[in-house]
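First the structure, in the form of structure tokens, and then the observations on it.
Just so you know, residue 1 is the first one in the sequence shown, and it goes up from there. Whatever order the structure lists ligands and atoms in, that order sets their numbers, starting from 1.
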Amino acid sequence: MEEMKQRILTQGEVLPGHILKVGSFLNQQIDCAFLERMGREVASLFAGCGVTKVLTIESSGIAIAASVGMAMNVPMIFAKKHQTSNVSGRVLSTVIHSYTHGNDYTAVVSAEYLLPGDRVLLVDDFLANGNALEGLIRMVEGAGATVVGAACAIEKGFQHGGDKLRERGYRVESLAIVETMEDDGTVTFRP
Ligand code: G4P
């Protein structure tokens, strides 16, 4: 998506540790008109795939996942990172390792929302090492549902999480794939 690349080039900031800050339009302040266009772009990429639900993990994935859900007219589910009193009954859970934060957390979804027969599109804001998406895949397949594919706003191609999933046969679509990110702020994209 050309607009995503331009936003990254004009509004993104490269932080130490190969972190791309996009707080001005995606991660903290959200450009809602742009968010709507992201949702429609993802919806058009997966049109005709029979998606019945969109799934993400709290918190930063929620906005784009909701936008995709609206554009596809299907429910959006978000996995919680901690079991809370409003996730009750039988739950699907999986432990996910965050490379960026160096910790493990448990993602939880009520089993009543992911059903056998569901065709699920995974959505997230960032795809780095792919651990979050791999955790969501375990949940969906554990529920007897089908992973239709995954869509991300920004993929960090140099961390190879997206490529690992593609090698496993999953369809992964990213609105921009950052190939290199230098400390001087230079960013290049995968064509
Ligand atoms: P992975 O799922 O692809 O393996 O990624 P990883 O665990 O390394 O990422 C951990 C968190 O850091 C995720 O958010 C991810 O969205 C975010 N992240 C990774 N790289 C970048 C980056 O370059 N820029 C920004 N802005 N975020 C990045 P999270 O910890 O789950 O937190 P949140 O969703 O609650 O914000």
Protein contact of atom 15 (C) of ligand 1 - nearest heavy atom, named by residue and atom, plus distance
Phe126 CB, 4.1 Å
Check: Glu58 side chain, Lys81 main-chain N or O, donor-acceptor pair, under 3.5 Å:
yes
Below 4.0 Å, non-hydrogen atoms only: which portion of Gln159 touches ligand 1? Side chain, backbone, both or neither.
neither
What are the atoms of ligand 1, with element, lying closer than 4.0 Å to any heavy atom of Gly130?
1 (P), 3 (O), 4 (O)
Checking Ser60 side chain against Asn27 main chain: does a donor-acceptor pair fall under 3.5 Å?
no
Show which atoms of ligand 1 fall inside a sub-4.0 Å distance from at least one heavy-atom site of Asp125.
16 (O)
Please check this pair: side chain of Ser98 against backbone of His101, looking for a donor-acceptor N/O pair closer than 3.5 Å.
yes
Just by distance, do the side chain of Asp184 and the backbone of Thr186 share a donor-acceptor pair under 3.5 Å?
yes
At what distance is the nearest protein heavy atom to atom 33 (P) of ligand 1, and which residue and atom is it?
Ser60 OG, 3.3 Å
In the protein, what heavy atom is nearest to atom 2 (O) of ligand 1, and what distance, to one decimal place, separates them?
Ala132 N, 2.9 Å
Would you say the side-chain atoms of Thr188 pair up with the backbone N or O of Thr180, donor to acceptor, closer than 3.5 Å?
yes
My question is simple, although I want it checked carefully: is atom 17 (C) of ligand 1 less than 4.0 angstrom from any protein heavy atom?
no
Spacing of Glu179 atom CD and Glu155 atom CD [to the nearest 0.5 Å]
8.5 Å
Top protein contact for atom 35 (O) of ligand 1, by heavy-atom distance:
Ser59 OG, 2.9 Å
Yes or no: does Lys156 have any heavy atom under 4.0 Å from an atom of ligand 1?
yes
Determine yes or no for a side-chain-to-main-chain donor-acceptor pair under 3.5 angstrom, with Thr56 supplying the side chain and Val123 the backbone.
yes
Could you tell me whether Lys81 and ligand 1 have an N or O pair separated by under 3.5 Å?
yes
among protein heavy atoms, the one nearest atom 4 (O) of ligand 1 is Asn131 N, 2.8 Å
Is the number of heavy atoms from other residues, nucleotides or ligands within 6.0 Å of CG (Asp183) greater than 12?
no
For ligand 1, which is the ligand I care about here, please tell me if Leu20 has any N or O atom under 3.5 Å from one of the ligand's N or O atoms.
yes
Ignoring hydrogens and geometry, is there a side-chain-to-backbone donor-acceptor pair from Lys53 to Leu115 under 3.5 Å?
no
Are Leu9 and Met181 linked, directly or through other ILVMFWY residues, by side chains that come within less than 4.5 angstrom of each other?
yes
Run the numbers for me: atoms of ligand 1, each under 4.0 Å from some heavy atom of Ala128, listed by number.
3 (O), 5 (O)
Any idea which protein heavy atom is nearest atom 26 (N) of ligand 1, and the distance to it?
Asn27 OD1, 2.8 Å
Just to confirm my output: which protein heavy-atom neighbour is closest to atom 14 (O) of ligand 1, and how far is it?
His101 NE2, 4.6 Å
If we count only non-hydrogen protein atoms and require a distance under 4.0 Å, does atom 22 (C) of ligand 1 qualify as touching the protein?
yes
Sub-3.5 Å donor-acceptor pair from the side chain of Asn131 to the main-chain atoms of His97, do we have one?
yes
Which protein heavy atom lies closest to atom 9 (O) of ligand 1, and at what distance to 0.1 Å?
Thr100 OG1, 3.2 Å
